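Note that the structure is a prediction, hence the values are computed from the model and not measured.
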Amino acid sequence: MEGAVAAAATATTAATGRRRPVVLYPSPGMGHLVSMTELGKILGARGLPVTIVVVDPPYNKGATGPFLAGVSASNPCITFHRLPPTTATSVVGSVRTKHHEGLTFEAIRACNPLLRDFLAASSPPPAVLVVDFFCSVALAVARELGVPGYFFYTSGAEVLAFFLYLPVLHATTTADFKDMGEELVRVPGIPPFPATHAILPLMERDDAAYEGFLSASAELSRCHGVIVNTFVSLERRAVEAVAEGLCTPPGLPTPPVVCIGPLIKSKEVLGEGGEECLAWLDAQPEGSVVFLCFGSIGRFSAEQIREVAVGLEASGQRFLWVVRAPPAAGGGEDPARKLVGKPAEPDLGALLPEGFLARTEGRGLVVKSWAPQRDVLAHAAVGGFVTHCGWNSVLEAVMAGVPMVAWPLYAEQRLNRVFLEEEMRLAVAVEGYDGEGELVAAEEVAAKVRWLMESDGGRALRERTLAAMRQAHDALREGGESEAALARLVDEWRRI
């Protein structure tokens, strides 16, 4: 079957007159799905038909149905194909991992036969297959069918530099990152960082998540190119190091890198509670509100939620805070398994200090589980963002010119925190997030929020963020660095 799809493509396209579609394959995570969908929208706007293959996750990540329906209704150039869920979800009980990323890698591996059947039966055949980093095993299917395979990298160029270099790090030591303490990890093009801040699912080599990331890293040198959701001006040193081959293991080719970002979620369809958030913000002074939100699966313990509440009250600042229910108590249960099943709605009366909502009424709003983050950050009343440092959240803040307080929780977020604070200088970090079992104290929450909103240092941070915002918008304008890179890529795909 080597090259079967490619061999049939010319005759099929000539006979039907239809342009061959770009097939996008995101991993099962809302942040990854949103980024890949935004890529699909801009490809569709340039005349390319787009098919997005959707896999149900082996853990809860929130309902995707309303999101997909909204995209389909407003973007007729995009179609969705959902792979059958049974094979993917069956891996939950058998994977040796403490991390949901490990489950994701195995779920995608289990779906390879289903993906192959779909691609082989597609008419006209796909022009290219663009996969998420977690879907790297699907590139073997692309090679079998003779379809050019690309990565769409939904994190930044600095994390990409790390992953390109991961096989080198793996070969130079046998130690787990978790055992290296504060030893500095050095990767070309990015600031040295303590091993404690390596990507969380890479901390232990015998975890399935580590094996998945290492395998995906090796695939970077075998693909046709890497599309990165960033812009060169934001991460110039890392982009240049990658392009010059400084991060590629010896003897392997450096993949072409195309920076087309920042791609962020389009204006949101407001779900339950969305109107309330924006109406409340309409009544607040410009730049006066601190927004606290920690991603689609970020959750705090009940003790940490109370510390945040006490800190916000003591800060004296206006705030909009998204509170999710704490993870279920599970004794020795693996963290990855705690993500399985729908999370409960938070009981604010039980979680927040007695009288907190009454005492902060008027200057604070607490919402349950979800807020329209993109629209909130773009609102003139928002002047600061306490974030888990997920890359989509970072880009949304940059596009809105909102400075950040970094509070990383999982995945690559500790690494993003290092880059945001030390390289880009667009954030300040809370103290105490990196201690095993420790809490970020209420006093620290209050101090960092006040610093961001009231100090000379906070004002300087805001000015740097506004400068980055202007660069981001310049990159996306016609002829800008990201727009031009995208135009060249689309022209190349049209000729396939």
Side-chain angles (χ1 to χ4, degrees), residues 31 154-159 162 182 185 190-200 230 234-235 238 262 264 289-300 304 307-308 311-312 315 317 319-322 324 373 376-377 382-435 438-455 457-469 472:
T154 54
S155 292
E158 293 178 272
V159 180
F162 168 80
E182 296 303 305
V185 178
I190 65 177
F193 60 90
T196 54
H197 281 58
I199 294 170
L200 193 60
T230 192
L234 183 67
E235 303 184 89
I264 64 171
V289 176
V290 176
F291 177 47
L292 299 91
C293 190
F294 299 93
S296 58
I297 60 175
R299 289 186 270 173
F300 287 131
Q304 183 64 82
E307 290 293 317
V308 174
L312 287 175
S315 76
Q317 303 298 316
F319 63 88
L320 170 57
W321 179 19
V322 180
R324 296 174 62 85
Q373 178 172 289
V376 167
L377 287 169
V382 174
F385 182 27
V386 183
T387 174
H388 64 315
C389 304
W391 192 244
N392 283 344
S393 296
V394 168
L395 293 180
E396 288 174 0
V398 168
M399 284 291 283
V402 178
M404 289 165 272
V405 173
W407 190 334
L409 298 180
Y410 53 89
E412 88 285 13
Q413 293 158 16
R414 290 187 177 195
L415 209 48
N416 284 342
R417 193 286 295 170
V418 173
F419 304 149
L420 279 169
E421 191 170 39
E422 298 181 12
E423 185 85 354
M424 304 175 204
R425 301 177 66 223
L426 300 179
V428 61
V430 296
E431 300 291 336
Y433 68 83
D434 53 348
E438 291 183 14
L439 298 176
V440 174
E443 294 80 6
E444 172 66 5
V445 174
K448 282 301 187 326
V449 167
R450 281 196 300 264
W451 182 91
L452 183 68
M453 302 300 286
E454 296 180 349
S455 73
R459 282 185 282 275
L461 181 59
R462 188 168 299 108
E463 287 302 315
R464 289 194 295 272
T465 308
L466 289 170
M469 177 192 73

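- Here Glu423 pairs with Arg237 under the salt bridge (Lys or Arg N to Asp or Glu O under 4.0 Å) rule; sequence neighbours left out.
- Looking at heavy atoms from C-beta onward, Val376 lies in side-chain contact with Leu320 at the 4.5 angstrom threshold.
- With hydrogens and angles ignored, the 3.5 Å screen pairs no side-chain donor or acceptor of Arg414 with any backbone N or O of Leu200.
- When side chains are defined from C-beta on, Thr230 counts as touching Trp391, because their heavy atoms get closer than 4.5 Å.
- In this structure, Gln317 and Arg450 have side chains that are in contact, with non-hydrogen atoms separated by less than 4.5 Å.
- With sequence neighbours excluded, the residues forming a ring-ring contact (aromatic ring centres under 6.0 Å, His included) with Phe300 are Phe294, Trp407, listed by chain and number.
- Under the rule for a side-chain hydrogen bond (donor to acceptor under 3.5 Å, both in side chains), Glu307 has no partner lying at least two apart in sequence or in another chain.
- For the atom pair CD of Glu396 and CD1 of Ile264, the computed distance is 5.5 Å after rounding to the nearest 0.5 Å.
- Using a 4.0 Å cut-off between charged side-chain N and carboxylate O, Glu444 and Lys448 make a salt bridge.
- The side-chain heavy atoms of Tyr433 and Pro408, taken from C-beta on, include a pair separated by under 4.5 Å.
- No side-chain donor-acceptor contact under 3.5 Å links Glu422 to the backbone of Val418.
- Applying the salt bridge (Lys or Arg N to Asp or Glu O under 4.0 Å) test to Glu431 and every residue at least two apart in sequence or in another chain returns nothing.
- With sequence neighbours left out, Arg459 forms a salt bridge (Lys or Arg N to Asp or Glu O under 4.0 Å) with Asp456.
- Taking the six-membered ring for Trp and thresholds of 30 and 60 degrees, Phe162 and Phe193 have ring planes more than 60 degrees apart, a perpendicular arrangement.
- Partners of Thr196 by side-chain hydrogen bond (donor to acceptor under 3.5 Å, both in side chains), not counting sequence neighbours, listed by chain and number: Glu182.
- Residues Val386 and Leu452 are not in side-chain contact: their nearest non-hydrogen atoms beyond the backbone lie 4.5 Å or more apart.
- Between His197 and Phe419, the ring center distance fails the sub-6.0 Å criterion.
- Closest non-hydrogen pair, Gly383 versus Arg462, comes out as O-NH2, 3.5 Å.
- Using a distance-only test at 3.5 Å, with no hydrogens or angles considered, a donor-acceptor pair links the side chain of Gln304 to the main chain of Val440.
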